[in-house]
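Beneath this line is the structure, given in structure tokens, with notes to follow.
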Amino acid sequence: MGSGTRSIHARASAAFRYGPRLPRSFYTRPTLVVARELLGKVLLYDGPEGRRAARLVEVEAYHGTRDPASHAFRGPTPRTSVMFGRPGHAYVYLSHGVWFCMNVVAHGPEIAGAVLLRGAEPLEGFAKTARLSGPGLLGRAFALSTAHTGVDLTRSSLQLRDAPPVASRQIARGPRIGIAESATSAKPWRLWVRGSRGVSR
DNA sequence: CCACCGATTGCT
DNA sequence: GCAATCGGTGGT
């Protein structure tokens, strides 16, 4: 462990390990590919308020201005402009005046792709029984707010770390949650890890 | 300027 | 099944 290349961290509890930050190139791919590959990766906050880590097990993809379910529908606004910017940044929005939900900007350039983080399993900094299932609960667990919108995940204390990919047979797909049926039935863009406790509903 | 409503959650 | 709670959006 001493020298700089400590890319793999041993987990205190299970034998789960994770690697270095995901590079910009990870995010600069088709939104659905990014969504799929984010499963199993580690959301990490490593800052003055402490260290928290969780393994992503549920995500949803939102893509382009033609997707009526996306916040990018009909072009950029002050709130959503980050979605049209560089991949690898965070987009956090307030839901129902109560819950802060986090997206990862994907795809680019100029094409507004985003992956909503919907569920995770606690790894570090949480009780093992903590529920991180649901975008609002996940946002609360990481003390997120709209101030995190625009944060560069490849440079900030809020970051995503590499980890072993989830096998295809472990991944389930379905319609996105809370979206009008007409807008989502043809787009099964909710992806989750089968059987995980961190999946909502 | 104001009214509406949501990529949610937990309790009645 | 529905209230809580507030900022973005679009219409007046």
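Convention: sequence-line order gives letters A, B, ...; per-chain numbering from 1.
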Donor on one side chain, acceptor on other, A:Thr149 and A:Thr146, under 3.5 Å: no
From B:dT8, B:dA7, C:dG8, nucleotide with atom closest to A:Arg79 side chain: C:dG8
Spacing of A:Leu144 atom CG relative to B:dT8 atom P, expressed in whole Å: 16 Å
Out of C:dG8, B:dA7, C:dA4, whichever nucleotide has its closest atom nearest the side chain of A:Met83: B:dA7
Nucleotide nearest A:Leu94 when distance is taken to its side chain, options B:dT8, C:dG7, C:dT9: C:dG7
Pair pattern of DNA chain C in dot-bracket, where unpaired bases get dots and | marks partners in another strand, Watson-Crick or G-U under 3.5 angstrom: ||||.||||||.
Of A:Arg140 and A:Ile177, the one whose closest DNA chain B nucleotide lies more 5': A:Ile177
A:Arg173, CZ: over 12 other non-hydrogen atoms inside 6.0 angstrom: yes
Spacing between A:Leu138 atom CG and B:dT9 atom P, to the nearest angstrom: 10 Å
Closest to side chain of A:Cys101, choosing from C:dG10, B:dT8, C:dG7: B:dT8
Minimum-distance nucleotide (side-chain atoms of A:Tyr91 versus B:dA7, B:dT8, C:dG8): B:dA7
A:His71 and A:Tyr62: CA distance, side-chain angles, deciding distance, ring-ring contact (aromatic ring centres under 6.0 Å, His included) verdict: CA-CA 8 Å; A:His71 288 186; A:Tyr62 291 84; 7.3 Å; no
Ion pair A:Lys41/A:Asp162, N-O distance below 4.0 Å: yes
For atom CH2 of A:Trp99 and atom C1' of C:dG7, their distance in whole Å: 17 Å
Inter-nucleotide P distance (B:dT12, C:dT5), Å rounded: 14 Å
Minimum-distance nucleotide to A:Arg118 side chain [options: B:dG10, B:dT8, C:dC6]: B:dT8
Candidates C:dT9, C:dA4, B:dG10 - which lies nearest the side chain of A:Val98: C:dA4
Contact summary for A:Arg17 and A:Pro164, nearest pair of heavy atoms: O-CD, 3.8 Å
Nucleotide of B:dA7, B:dT8, C:dT9 approaching A:Leu116 most closely (side-chain heavy atoms): B:dA7
Whole-Å gap separating C1' (B:dC5) and CZ (A:Phe73): 16 Å
Spacing between A:Glu60 atom CD and B:dG6 atom P, to the nearest angstrom: 16 Å
Cationic N near anionic O, under 4.0 Å, A:Asp67 to A:Arg176: yes
A:Tyr62-B:dA7 aromatic stacking (under 5.5 Å, under 30°): yes
Closest non-hydrogen atom pair between A:Gly150 and A:His89, with its separation: O-ND1, 3.1 Å
Residue pairs passing the ring pair (Phe, Tyr, Trp, His ring centres under 6.0 Å) test where at least one lies in residues 128-163 of chain A, sequence neighbours excluded: A:Phe126-A:Phe142
Atom pair distance, as rounded to whole Å: CZ in A:Phe100 and P in C:dC6: 9 Å
Separation of atom CG in A:Leu137 from atom P in B:dC11, rounded to whole Å: 11 Å
Any donor-acceptor N/O pair under 3.5 Å between B:dA7 base and A:His71 side chain: yes
Whole-Å C1' distance, C:dG7 and B:dG10: 22 Å
Residue A:His96, side-chain heavy atoms: nucleotide from B:dG6, B:dT9, B:dA7 that is nearest: B:dG6
For atom OH of A:Tyr93 and atom C1' of B:dT9, their distance in whole Å: 12 Å
